[in-house]
Amino acid sequence: MSNSNRVINIISNRNYESRNTKIKLIDILEEEGFVPTEEYNPNAELNICIGGDGAFLRSIHKHKFPNIPFIGINTGHLGFFQEISPTNMKDFVDRYANKEYTVEEIHLVEANVCTKKKCFTLTGINEIVIKGIKSKVVHLTMYINSNHLQKFCGDGIIISTPVGSTAYNFSSGGSIIYPTLQSLQVTPLSPISSKAYRSLPTSIVIPGELPIQIKPEFRYENSILIVNDGMEFRYDDIEEIVLKISDKKVYKINLSKNVYWENLKSKFL
Ligand code: NAP
């Protein structure tokens, strides 16, 4: 099959190695007859993201969670999302042209934030964190599927997706969750457990469709900071935040069927 109408978006961060990698990748793709473009084309068949995990997350947000699948080339620090290195791009392009890959669905977390005036929706790839502004302790009431669970006091709560479980969640003592498990993980950040307050000290993993409802205590409704994949959001007069697995998904190309375990071992052990 001719590759001449097969447009591929190249999304790169600006560091020196990424820029060099991008030039080499464009040459390889053109030699194979693909049409690489740096100007984002919404009708392309593939998004190739050059950088680290941060660049991967930013490109998904910037392009509003497109249906076009992503694959990453790692020029960043950790590169947990990336399978390809700048030295094996030719092999990747050959295997892609021969359809030697599978497509993985990435589950996302969605937060519906309601203030006294309006509701807003946020979608996260790794996690949505509910914290206090100015390093304040947060005071939150938490319900799972309408069941009151706890009055949480501490630095905050991470609501992590399976793919985000190896990020902030993992550094905060949460478990690593296999990406196909449609679940969310609620991980406390420095929970206070004393005679004054009692918060769960460990993570809870719950089915993704069960809503997690979080209400700031009324005196603290203006002290909440929401951090979505590292980006901060502040809203006045928050009444409640309801989180669940999003109906939206993004897609990632995997060349090796063992990529998850290979990445986990090589990047964390
Ligand atoms: P960042 O510098 O872009 O990322 C911090 C580190 O997390 C980087 O080493 C990054 O890899 C790695 N990372 C990102 N997603 C990952 C994933 N799914 N699995 C494993 N590692 C992953 O930081 P940022 O801009 O503030 O926020 C981006 C992400 O950083 C957030 O979504 C959050 O998960 C994470 N974060 C972690 C901590 C912590 O561990 N204490 C604190 C704040 C935020 P690269 O080096 O390849 O970019």
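All values derive from a computational prediction rather than experimental measurement. Counting starts at 1 for both ligands and their atoms, in listed order.
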Any donor-acceptor pair under 3.5 Å linking the side-chain atoms of [Y] with those of [X]?
| X | Y | answer |
| --- | --- | --- |
| Asn47 | His63 | no |
| Thr75 | Ser18 | yes |
| Asn169 | Thr187 | yes |
| Glu83 | Tyr101 | no |

Original post:
Does atom 45 (P) of ligand 1 have any protein heavy atom closer than 4.0 Å?
Top reply: yes
Original post:
Are any non-hydrogen protein atoms located under 4.0 Å from atom 13 (N) of ligand 1?
Top reply: yes
With heavy atoms only and a cut-off of under 4.0 Å, state how [X] meets ligand 1: side chain, backbone, both or neither.
| X | result |
| --- | --- |
| Gln82 | neither |
| Phe170 | neither |
| Thr166 | both |
| Val163 | backbone |

**OP:** Find all atoms of ligand 1 within a distance of less than 4.0 Å from any non-hydrogen atom belonging to Gly54, and give their numbers and elements.
**Re:** 3 (O), 48 (O)
Original post:
Hey, which atoms in ligand 1 end up nearer than 4.0 Å to a heavy atom of Ser171?
Top reply: 39 (C), 40 (O), 41 (N)
Original post:
Should Asn222 and Asp237 count as side-chain neighbours, where that means a heavy-atom distance under 4.5 Å?
Top reply: yes
**OP:** Could you tell me whether Phe56 and Phe70 have their ring centroids closer than 6.0 angstrom?
**Re:** yes
Subject >> Check: Phe80 N/O within less than 3.5 Å of ligand 1 N/O >> reply: no
Original post:
Do any heavy atoms of Phe56 fall under 4.0 Å from ligand 1?
Top reply: no
Original post:
Hey, is Lys257 close enough to Glu104 for a salt bridge, meaning N to O under 4.0 Å?
Top reply: no
